[in-house]
Amino acid sequence: MVAPGGAVRGALRGASRWTLVLVLLALWELGGRTLVTDPRTLLFLPLPSTIAAAAWALARDGSLLVDLGRSGGRVLVGSLAAVLVGVPLGAVVASWPRVGAALDAPLRLVRPIPPIAWVPLTILWFGVGELQQVVILFFAAAFVVMAGTTDAVRGVPPTLLAAARNLGVPERGLLLRVSVPAALPGVAAAVREGVGTAWFVLVAAEFLSASEGLGVLILEGRDLLEPARTFVGMGALAACGAATDLALGALQARLTRWT
Amino acid sequence: MSKAVALAGVRHAYTEAGTGRRVEALAGLDLNVAAGELVAIVGPSGCGKTTILHLVAGLLKPDAGSVTCGGAPVDGIGTDRVLVFQDGALFPWLTVAENVSFGPRARGEGTGRTAELLAALGLDGAADRYPKELSGGMRQRVALARALAVDPAVLLLDEPFGALDALSRERLQDVLEAAWLRDRKTMLLVTHSVEEAVRLADRVIVVSPRPAAVRADVRVDAPRPRDVTALGEIRRTIAQMVRTPE
Amino acid sequence: MAVPGRRRALSPRALPAALGLLVALAIWAVAASRWPPHVLPGPLVVLETIVTQRSELVGHALRTTRRVLLGYGAAVVIGLPLAMALGARPVLDRQVGALLTLLRSIPPFAWTPLILLWVGVGDGSAAAVVFAGAFFPIVRNARAGIDAVPPSLVLAARNLGAGPRVYWLDVVLPGAAPMVFTGLRLGWALAWMSVVAAELVGADGGLGQLILDARNLARPDLAIAGMVAIGALAAGSERGFALVERRVLRWRA
């Protein structure tokens, strides 16, 4: 048992790593207040206090929540679609070599194209709007999820399958009872990576064609000459991305307790 | 060149991970190894044999008592007391020859006796291979050659052949004995196998479990090279001591 | 794998793969026939565009590549020594590590407005976005690589008399190399993603701009040509990377 004093010390130690960050923030604030004479400089780099105030204002009037919801919603729908399409496709490619090769060949050619490069074309085809946004995110995430799933299913040790057959598991049952659990850690990791990619691409997608969202918030800072908004947007984006990653990481750990 | 090793009244305790308890590994251990002696340390698992080696190597400091090498107190790691690990700890990015010459090159001495050692340990065909291409037995030969290349005063072997199959183990035992006969280095060999101890050592130290203490110090007077079949009696005696607690 | 005595047979997957490609192309051509060429051009139209516009494509490609190399190079030159410094000094490691963890979550492209504000439109800003994308994976993986060097190897090196120089250059560097390469590869992939995004928003020339302009001019064939170019560059360079990695890490089990 770790003594209670040890727990407090542990917590303090964990918190102490933020010292540098806090010191930098303090220097930023103080430096801005005392050293800056031309107020236009603050347009380039607003003070932390200004940013915090802007964040508070945006939260209070609800627009931050709206932006969060919009962006988060897009990522959610795009990721879900990516999982629904990517996982089965990836499993098929891994399990049936011939069909898989046929399916995979054209996809492998398309995959190297950065998903963001698709934005102009998708605007042309789907017009500006939610559908186009979701399509881009779906694209970005689906490739990652599919590739990861293929690797995961391919990575199931054949000795495992052979043992299962030996023990009398029918061929159809093998997929569900052996391949799925064995591939689950890899698939979970692939999904997590896919969602991360979606957050990545979200900003670019929103920049070019959305009216609300965190990416838009970031842009507004420049257009409205309120750079604090840009920072608020960046911070919110980072927080969302990190939060989803943490949540998925916990889920992944839970699902794969036996590894 | 080889030196004597002495532990006098050594105490060492460590903090157990997880429980935070202080566990006494050694409680006043005395051990004397003359220069050029090959001494085997046997005992049940976890009884502190490795701790003794680590103390001599200078990885650990005793809580009380003294650890000396050639009369001088041991102060940290040094090239005069070289460890050989069970998994060899070869540098995977270096070839066999580069691994063996690592020590001399680090000291700016060129390749030293590398070629000679490779030949002596049956490695000259494999000089340009990478560790990943070698069998377990070959890897341990390289580990041995690498240790010998820095011409240590004391060689500390921690179950060096424990991970090998029986056949490789026997062959490596021959290799070790030949190396000892050639250079007469002081060697401390920690091993699980009483047979191995009796096969190789001048003296077999039986260590009792925690806290580790010398339970018996048996001289093996058989002539070299050793004939295993003639050592049955002494092997049984020692094995009996290892098996039964006091 | 050549088996002595047998002629090299085609991989069993080659035929289905070729079939799959043909089918995909066919589907594309059929779909394109149903829509006007300024919405969905067919594969042959795109091919023609690539050929006729090849010098323009190459020009844009060079600009984009230059930006990628600039940003990526900076990320390597700053990131690798930083990772080594962090590996050597635990206090620095914790503090700077925390700062990096915070910054790492910001998608590189989100830095664009700020970068544009500070640096202005041009090669520099695009390279800066590339840097923001490549820097974090490079540092993170290099740092992890240093930790991944097995402690028994570190011990053996010291035991055999390695001084600090030999330790860092001949033990830690090669030991960390596999993960360093992973970081370099990831950083490279992100660099390409970032450059396209940056060019879509504000740069003159470059493949990203080409794609954007093509859309504005209702020339999707040009856009697809640009996309093919980027894809080819990204894939080709990835291949190159893999080859270099295999050579340098040929000792890996």
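Here is the naming used below: chain letters follow the sequence lines, and residue numbers restart at 1 for every chain. If you're wondering where the values come from, they're calculated on a predicted model, not measured in any experiment.
Residue contact with chain C, scored on non-hydrogen atoms closer than 4.5 Å, involves the backbone and the side chain of B/Arg146 alike. Heavy atoms of B/Val150 lying under 4.5 Å from chain C belong exclusively to its side chain. The part of B/Asp87 that comes within reach of chain C is its side chain, from C-beta onward, which places non-hydrogen atoms under 4.5 angstrom from that chain.
Judged as a ring-ring contact (aromatic ring centres under 6.0 Å, His included), the pairs with a partner in residues 87-119 of chain B (not counting sequence neighbours) are, in order, B/Phe91-B/Trp93, B/Phe91-B/Phe102, B/Trp93-C/Trp251.
Between chain B and the options C/Asp170, C/Val166, C/Leu153, the largest number of non-hydrogen pairs under 4.5 Å is found for C/Leu153. If you tally non-hydrogen atom pairs under 4.5 Å between each of B/Asp80, B/Leu59, B/Val82 and chain C, the highest count goes to B/Val82. Contact count versus chain C (heavy atoms, under 4.5 Å) is highest, among B/Gly78, B/Pro92, B/Gly103, B/Gly58, for B/Pro92. For chain C, the option among B/Gly76, B/Pro131, B/Ala106, B/Ala147 with the highest count of heavy-atom pairs below 4.5 Å is B/Ala106.
Taking all atoms of both residues into account, the shortest heavy-atom contact from B/Lys132 to C/Arg252 is NZ-O, 3.2 Å.
Heavy-atom proximity under 4.5 angstrom to chain B picks out C/Pro174, C/Gly175 from residues 172-193 of chain C.
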Pairs under 3.5 angstrom only: tabulate donor-acceptor contacts from the side chains of residues 172-180 of chain B to other protein residues two or more places apart or in another chain.
residue: B/Gln173; atom: NE2; partner: B/Glu196; partner atom: OE1; Å: 2.7
residue: B/Asp174; atom: OD1; partner: B/Arg199; partner atom: NH2; Å: 2.2
residue: B/Glu177; atom: OE1; partner: B/Arg199; partner atom: NH1; Å: 3.0
residue: B/Glu177; atom: OE1; partner: B/Arg199; partner atom: NH2; Å: 3.4
residue: B/Glu177; atom: OE2; partner: B/Arg224; partner atom: NH1; Å: 3.0
residue: B/Trp180; atom: NE1; partner: B/Gly36; partner atom: O; Å: 3.1
residue: B/Trp180; atom: NE1; partner: B/Lys185; partner atom: O; Å: 3.1

Could you tabulate the donor-acceptor pairs under 3.5 Å formed by side-chain atoms of residues 112-130 of chain B, not counting sequence neighbours?
residue: B/Thr114; atom: OG1; partner: B/Thr111; partner atom: O; Å: 2.3
residue: B/Tyr130; atom: OH; partner: C/Arg250; partner atom: NE; Å: 3.3
residue: B/Tyr130; atom: OH; partner: C/Arg250; partner atom: NH2; Å: 3.3

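Interatomic distance, CG of B/Leu90 versus OG of C/Ser152, reported as 9.5 Å (0.5 Å rounding).
Side-chain contact between B/Thr79 and C/Asn159 is absent, with no heavy atoms from C-beta onward closer than 4.5 Å.
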